[in-house]
Amino acid sequence: QVHLVESGGGLVQAGGSLRLSCAASGYTICISTMGWYRQAPGRERELVAAATAGGNLNYINYANPVKGRFTISRDNAKNTLYLQMNSLKPEDTAVYYCNAVCPGTGWDDYNYWGQGTQVTVSS
């Protein structure tokens with residue numbers, strides 16, 4: 001089992017920056033993929049950025065709206081995933097969730113989620 005704890009959300013002005021953190025604990029060795037998702041009120045949860053957990057995150061995928069502005073990274077020693085968000089826009093306002101995926105022994109993989117952290121960008 002993997003436990004994810006998020007932090008770093010807050011209120012910022014448009015054009016500002018914010019750095020989200022996701023601390024992973026438990027059986028983290030199982031993780032094959034980690035990423036960030038977000039969900040705005042009345043909207044579906046959507047992918048922000050995802051990457052393979054091994055090595056130096058060699059396979060990274062960013063959602064089009066955040067390309068060039070957001071950067072996903074990790075600190076292996078601290079088992080922490082980060083999302084550096086620059087040039088924030090009001091459209092980025094949402095609850096941001098950390099996600100980890102472990103291969104399952106049955107039909108489905110195991111998905112783990114953080115509690116979410118609110119990011120609000122004022123216009």
Side-chain angles (χ1 to χ4, degrees):
Q1 190 175 44
V2 176
H3 186 218
L4 305 174
V5 179
E6 302 169 0
S7 61
L11 173 64
V12 298
Q13 296 182 8
S17 298
L18 208 59
R19 186 177 179 86
L20 305 183
S21 299
C22 172
S25 61
Y27 195 62
T28 57
I29 192 67
C30 78
I31 298 173
S32 62
T33 304
M34 294 191 72
W36 292 93
Y37 290 73
R38 67 186 182 186
Q39 186 169 22
R43 299 187 63 183
E44 298 179 352
R45 186 173 299 186
E46 64 179 1
L47 171 71
V48 177
T52 56
N56 299 116
L57 299 178
N58 292 315
Y59 299 96
I60 301 174
N61 181 40
Y62 292 99
N64 286 331
V66 307
K67 287 181 178 178
R69 299 188 297 118
F70 291 10
T71 302
I72 188 171
S73 63
R74 71 177 181 180
D75 185 328
N76 290 328
K78 297 181 178 179
N79 290 123
T80 301
L81 185 74
Y82 300 100
L83 184 67
Q84 179 66 48
M85 304 183 293
N86 298 323
S87 302
L88 283 163
K89 305 175 180 179
E91 306 92 88
D92 297 319
T93 296
V95 177
Y96 284 70
Y97 297 91
C98 181
N99 168 254
V101 177
C102 294
T105 57
W107 291 100
D108 302 312
D109 293 336
Y110 295 97
N111 275 278
Y112 301 94
W113 297 92
Q115 79 284 0
T117 183
Q118 177 70 48
V119 172
T120 303
V121 184
S122 62
S123 60

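Side-chain atoms of Glu6 and Trp36, non-hydrogen and from C-beta on, do get closer than 4.5 Å to each other. Looking at heavy atoms from C-beta onward, Val2 lies in side-chain contact with Cys30 at the 4.5 angstrom threshold. Considering only heavy atoms from C-beta on, Asn99 comes within 4.5 Å of Asn111 through its side chain. Counting heavy atoms from C-beta on, the side chains of Leu83 and Met85 come closer than 4.5 Å. Leu18 places a side-chain heavy atom less than 4.5 Å from the side chain of Leu88.
No donor-acceptor pair under 3.5 Å is formed between the side chain of Ser123 and the backbone N or O of Pro90. Formation of a donor-acceptor pair under 3.5 Å by the Ser32 side chain with backbone atoms of Val101 is found in this model. Listed for the Gln1 side chain is no donor-acceptor partner under 3.5 Å among the backbone atoms of Gly26. Put simply, the side chain of Gln13 never gets that close to the backbone of Ser122: no donor and acceptor are under 3.5 Å apart.
Remark: the Thr120 side chain and the Gln118 side chain contain an N/O donor-acceptor pair separated by less than 3.5 Å. Residues Asn86 and Ser17 have side chains that bring a donor and an acceptor to within less than 3.5 angstrom of each other.
Ring geometry for Tyr96 against Phe70 counts as tilted: the plane angle lies between 30° and 60°, on a 0 to 90° scale.
Heavy-atom minimum distance, Tyr62 versus Lys67: O-CE, 3.1 Å.
Every residue two or more places apart in sequence or in another chain that forms a salt bridge (charged side-chain N to carboxylate O under 4.0 Å, His left out) with Glu46 is listed here: Arg38, Arg43. Taking Arg69 as the reference, Asp92 meet the side-chain hydrogen bond (donor to acceptor under 3.5 Å, both in side chains) condition, with sequence neighbours excluded.
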Please assess Cys98 against Trp113 for the test side chain to side chain contact (heavy atoms under 4.5 Å, CB included), listing each intermediate value before the final yes or no.
CA-CA 6 Å; Cys98 181; Trp113 297 92; over 6 Å; no

